[in-house]
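Here is the structure we will look at.
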Amino acid sequence: RENFTSEFRKGYITVTNVCLPSRYDEFAEVIENFEVRDDDVWVCSFPKTGTTWTQEMIWCIANDLDFEGAKVRLAERFPFLEYSVLFDYTTILPRYPEMKLPQLVLDSVEYTKNRASPRFIKTHLPFTLLPRQLRTGEKKPKIVYVARNPKDTCVSYYYHCRLMEGYRGDFNNFSRLFLGEKRSFAPYWDHVLDFWNRRTDSNVLFLKYEDMKANLSTVIEKSSAFFSKIMSSDETKALTQHLSFANMKSNPAVNYEDHIKMNRQMKSINVDGEFIRSGKVDQWREEMSESVIERFDNLTKDKFSSQNLFF
Ligand code: A3P
């Protein structure tokens, strides 16, 4: 366990080689001992790889396209297990006595734990830090992992940190932090590989953002089969429509607009932007310098090609 001060922000630690906010220490034990249920549904991912998109798709499939129920905020019906590790509102809250924050923000692990079955759970934790019962296979909930190409993930993460965490550096500096494994949940490559290597487990479904972009209905069909659901072509069409970039961008249940507003106020962040931002493949071409591209490509070739993982 090593403490370090990043160029970005103090207060990170490395736990089993993974970069995490130091507040993780307060939750490590409850997460390790979190009681997993066989009928849980977990969406796991590295940040900015299409998690929200995947969550909405999986929730709708598992709930027989309950579009009415999907009007409840995704953060409530599909909580982010370690959210409270990332954002310590308990220290900010005294400055805003009028704010009444719900438990899902103040103690996301407790909120998640107490949900009725079947629980839908989002996490960015790497496989090595998932609850013990899940790691050891003692419980076998459905796990859907979504991965996205590393360069686009980095670009998306950069805009996310500007909008949500007050990052003020330029993209080149950010990509150095990403490559240097100094962003929460880094290193990206090992995160993806740990799930890729479990992709043939019967309770694991491995998806790629790029496949969702190329042919969403095919991914919907594959995901429905994973949940033993049969969907008519009209239903697949309706879900494809519900999940379109334009619809998700304007859907307050999934676009985190209220969260961004609250976050900006509490952290005095003055950056405009949206969570569901541009939704493109290969946007890195517009953002990355040649030398950064080269570093990404070398690392990706080294880590992924030998494992037959290509983006
Ligand atoms: P960009 O920043 O490249 O636009 P996550 O949910 O893991 O944080 O991922 C967010 C990324 O998924 C953002 O990428 C966001 O725009 C993209 N995204 C969300 N919904 C989408 C959709 N319906 N179609 C395409 N991309 C989507």
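Ligands are counted one by one from 1 in listed order, and the atoms in each one are counted from 1 as well. Along the sequence shown, the residues carry numbers beginning at 1.
In this structure, atom 16 (O) of ligand 1 lies nearest to the protein heavy atom R277 N, 3.1 Å. Protein heavy atom at the shortest distance from atom 13 (C) of ligand 1 is S156 OG, 3.8 Å. Protein heavy atom nearest atom 19 (C) of ligand 1, with residue, atom name and distance: I276 CG2, 3.9 Å. The shortest contact between atom 6 (O) of ligand 1 and any protein heavy atom is with T52 OG1, 2.5 Å. The nearest heavy-atom contact from the protein to atom 9 (O) of ligand 1 is G50 N, 3.2 Å. Atom 23 (N) of ligand 1 has as its closest protein heavy atom L243 O, 2.9 Å.
No side-chain donor-acceptor contact under 3.5 Å links D201 to the backbone of V204. Between the side chain of H191 and the backbone N or O of H124, at least one donor-acceptor pair lies under 3.5 Å.
Ligand 1 is approached by F275 to a heavy-atom distance shorter than 4.0 Å. Under a 4.0 angstrom heavy-atom cut-off, E274 registers as lying outside contact with ligand 1. Residue S278 places a heavy atom under 4.0 Å from ligand 1.
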Exercise for review: Check the pair V192, F304 against side-chain contact (heavy atoms from CB on, under 4.5 Å), reporting the backbone distance first and the verdict last.
Suggested key: CA-CA 9 Å; V192 178; F304 285 176; 3.8 Å; yes
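In terms of polar-atom proximity, G279 is counted as a contact of ligand 1, with an N or O under 3.5 Å from an N or O of the ligand. Between R148 and ligand 1, at least one pair of N/O atoms sits closer than 3.5 Å.
With a 4.0 Å heavy-atom cut-off, ligand 1 is reached by no atom of V155. When non-hydrogen atoms are compared, ligand 1 lies under 4.0 Å from the backbone of S244 (N, CA, C, O) but not from its side chain. The proximity of K48 to ligand 1, defined as any non-hydrogen pair under 4.0 Å, involves the side chain as well as the backbone. At a 4.0 Å heavy-atom cut-off, ligand 1 does not touch E56 at all. Of all the heavy atoms of Y209, the ones lying under 4.0 Å from any atom of ligand 1 belong exclusively to the side chain.
Aromatic pair Y209/W53: centroids less than 6.0 angstrom apart.
Counting only N and O atoms by type, the side chains of W284 and D282 include a donor and acceptor under 3.5 Å apart.
Around CG of N17, the count of heavy atoms belonging to other residues, nucleotides or ligands within 6.0 Å does not exceed 12. The local environment of CG in N270 is sparse, with at most 12 non-hydrogen atoms from other residues, nucleotides or ligands closer than 6.0 Å. Counting heavy-atom neighbours within 6.0 Å of E32 CD, excluding the residue itself, gives a total above 12. Atom CZ of R295 is surrounded by 12 or fewer heavy atoms from other residues, nucleotides or ligands within 6.0 Å.
Those atoms of ligand 1 with a heavy atom of T49 less than 4.0 angstrom away are 7 (O), 9 (O).
Ion pairing between E235 and K229 fails under the 4.0 Å rule for side-chain N and carboxylate O.
Residue L86 holds its CG atom at 8.0 Å from OG of S108, rounded to the nearest 0.5 Å.
Comparing L74, T51, V146 by heavy-atom distance to atom 5 (P) of ligand 1, the nearest is T51.
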